[in-house]
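Here's the structure, in structure tokens; my notes come after.
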Amino acid sequence: MHDVIIIGSGPAGYTAAIYAARANLAPVVLASSVEAGGDLMTTTEVDNFPGFPEGVMGPDLMFNMQQQAERFGADVRLDDVTELELDGPVKRVHVGGEVLEARTVIFATGSAYRRLGLPGEDRLSGHGVSWCATCDGFFFKGKHLVVVGGGDSAMEEATFLTKFAESVTIVHRSETFRASAAMLDRAKADPKISFLTNAAVVDVLGESAVDGVLLRDTVTGEERTLPIDGLFVAIGSDPRTHLVHGKLDLTTEGTIAVDGRSSRTNVPGVFAAGDVIDPTYRQAITAAGSGTVAALDAQHYLAELPAAVSA
């Protein structure tokens, strides 16, 4: 019987593991065989995580977090969870043919940016293709950029990027936008932002770095090339909640519902942290702080368990 099982291994999962391990809870971290370390494993330089004045490579940051958690006694396993049984005082986590039992579970599986599904998109990730203006905008000073999307996220990303870029073109496959009037008006008022409507990005061009996109007119089907230096995809993200559908309450945004600023879900002994509860900020540092909250909440929950359950 384990005190804590942590599902997920991004900044939230590893930070929760560090705090839980330092509290002598011997957490088991189920890091995934494919997505261990989370989205930062696919990024290059992370320039906005406190404590690294010269920046740090995403994979290095996650490896350091893993090592720190392991130094305090966390058991990190590259395993995938297939099923959860969360009712009752003992939680059961199915991993392959094995079932692990725990008094508490911290769910920190993060979210996944929606992709365009283009061949060059993943190939040029970190080399001109990005899903996070806050993370990467600094590296595009004086550049010409495209933002794909038509919602508030796209308008916000484009407006933020004008702090660095020479120009930003918002590409949207329709003439109508999902963005709120205020966000759309703000983008339209920015002299650095232009719009291409009824247009879809159908290919990302460049060998070692992005140097253009292939656009297709969604009305006429005509194609043309637009030279650019960077592509930001802002078509939303999806929290990784498939394992808890029907088991935990979700918000209207699809994230796991928690009690106020805590990590407590609607099921006693089950906590959630990081992007899987955050539809707004989705930053490594906020996820790490959320992981801290989850570990402390789990620690307090365990301390208050009746002796018969905690034994």
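Counting begins at 1 with the first residue of the sequence. Being a predicted model, the structure only gives us computed values, none of them experimental.
By the 4.5 Å heavy-atom criterion applied to side chains, Thr104 and Phe271 are counted as neighbours. Looking at heavy atoms from C-beta onward, Val95 lies in side-chain contact with Val93 at the 4.5 angstrom threshold. The shortest side-chain heavy-atom distance between Phe72 and Asn24 does not fall under the 4.5 Å cut-off. Between His94 and Val81, every side-chain heavy-atom pair lies at or beyond the 4.5 Å cut-off. Under the 4.5 Å side-chain criterion, counting only non-hydrogen atoms from C-beta, Val46 is not in contact with Met57. Residues Arg261 and Val293 fail the side-chain proximity criterion, which asks for heavy atoms closer than 4.5 Å. A heavy-atom distance below 4.5 Å is found between the side chains of Leu248 and Leu86.
Shown here is Tyr19, whose OH atom has no more than 12 heavy atoms of other residues, nucleotides or ligands within 6.0 Å. More than 12 heavy-atom neighbours from other residues, nucleotides or ligands sit within 6.0 angstrom of CG on Asp185. With a 6.0 Å radius and a threshold of 12 heavy atoms from other residues, nucleotides or ligands, Glu156 has its CD atom at or below the threshold. Shown here is His245, whose NE2 atom has more than 12 heavy atoms of other residues, nucleotides or ligands within 6.0 Å. Around the CZ atom of Phe63, the shell of radius 6.0 Å holds no more than 12 heavy atoms that belong to other residues, nucleotides or ligands. Within 6.0 Å of CD in Glu83 there are more than 12 heavy atoms belonging to other residues, nucleotides or ligands.
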Residue pair Thr225, Leu205: steps toward the side-chain contact (heavy atoms from CB on, under 4.5 Å) verdict = CA-CA 9 Å; Thr225 298; Leu205 308 177; 3.6 Å; yes
Show the numbers, then the answer: is there a side-chain contact (heavy atoms from CB on, under 4.5 Å) between Ile170 and Leu196?
-> CA-CA 6 Å; Ile170 296 175; Leu196 277 179; over 6 Å; no
Would you sort out whether Thr251 and Glu253 count as a side-chain hydrogen bond (donor to acceptor under 3.5 Å, both in side chains), showing the intermediate values?
-> CA-CA 5 Å; Thr251 68; Glu253 292 94 349; 3.1 Å; yes
Give the C-alpha distance, both sets of side-chain angles, the deciding distance and a yes or no for side-chain contact (heavy atoms from CB on, under 4.5 Å) between Gln283 and Asn48.
-> CA-CA 9 Å; Gln283 298 296 304; Asn48 58 359; 3.8 Å; yes
Begin from the C-alpha positions of Ile7 and Val105 and carry the test side-chain contact (heavy atoms from CB on, under 4.5 Å) through to its verdict.
-> CA-CA 7 Å; Ile7 303 172; Val105 168; 3.9 Å; yes
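In this structure, Ala16 and Ala295 approach most closely via the heavy-atom pair O-CB, 3.5 Å. Minimum heavy-atom separation, Pro27 to Ala17: CG-O, 3.7 Å. Considering every non-hydrogen atom in both Asn266 and Pro268, the closest pair reads O-CD, 3.7 Å. Ser290 and Ile277 make their closest contact through OG-CD1, 3.6 Å (heavy atoms, listed as atom of the first residue, atom of the second, distance). Contact detail for Met65 and Tyr14: the closest heavy-atom pair is CB-CB, 3.8 Å. Scanning both residues, Lys192 and Thr162, for their nearest heavy atoms gives NZ-O, 3.0 Å.
No continuous path of hydrophobic side-chain contacts links Val29 to Ile18 [ILVMFWY only; heavy atoms under 4.5 Å]. Linking Ile, Leu, Val, Met, Phe, Trp and Tyr residues whenever their side-chain heavy atoms come within less than 4.5 Å leaves Val233 and Phe160 in two separate clusters. Phe164 and Met155 fall within a single hydrophobic cluster, where Ile, Leu, Val, Met, Phe, Trp and Tyr are joined by side-chain heavy atoms under 4.5 Å apart, directly or via other members. Cluster annotation: Ile6 is not connected to Val276 through the hydrophobic network of ILVMFWY side chains, with a link wherever side-chain heavy atoms come within less than 4.5 Å.
For the residue pair Ser167 / His144, a side-chain donor-acceptor distance below 3.5 Å is found, with atom types taken as modelled. Side-chain N/O atoms of Thr15 and Thr292 include no donor and acceptor closer than 3.5 Å.
Taking a cutoff of 4.0 Å between a charged side-chain nitrogen and a carboxylate oxygen, Asp229 and Lys143 do not qualify as a salt bridge. A salt bridge between Asp122 and Arg115 is present, with a side-chain N of the basic residue lying under 4.0 Å from a carboxylate O of the acidic one. Using a cutoff of 4.0 Å between basic side-chain nitrogens and carboxylate oxygens, Asp75 and Arg77 are scored as salt-bridged. Ion pairing between a basic and an acidic side chain is recognised when a charged N comes within 4.0 Å of a carboxylate O; Asp3 and Arg103 show such pairing. Ion pairing of Arg92 with Glu98 is absent here, as no side-chain N (NZ or NE/NH1/NH2) approaches a carboxylate O to less than 4.0 Å.
Within the 3.5 Å criterion, the main-chain N or O of Asp278 finds no donor-acceptor partner in the side chain of Asp275. Panel note: side chain Ser237, backbone Tyr113; no donor-acceptor pair is recorded below 3.5 Å.
No option in Leu215, Val147, Thr197 other than Leu215 meets the side chain to side chain contact (heavy atoms under 4.5 Å, CB included) test with Val171.
Here the two rings, on Phe232 and Phe140, have centers that are under 6.0 Å apart. For Phe195 and His172, the gap between ring centers reaches or exceeds 6.0 Å.
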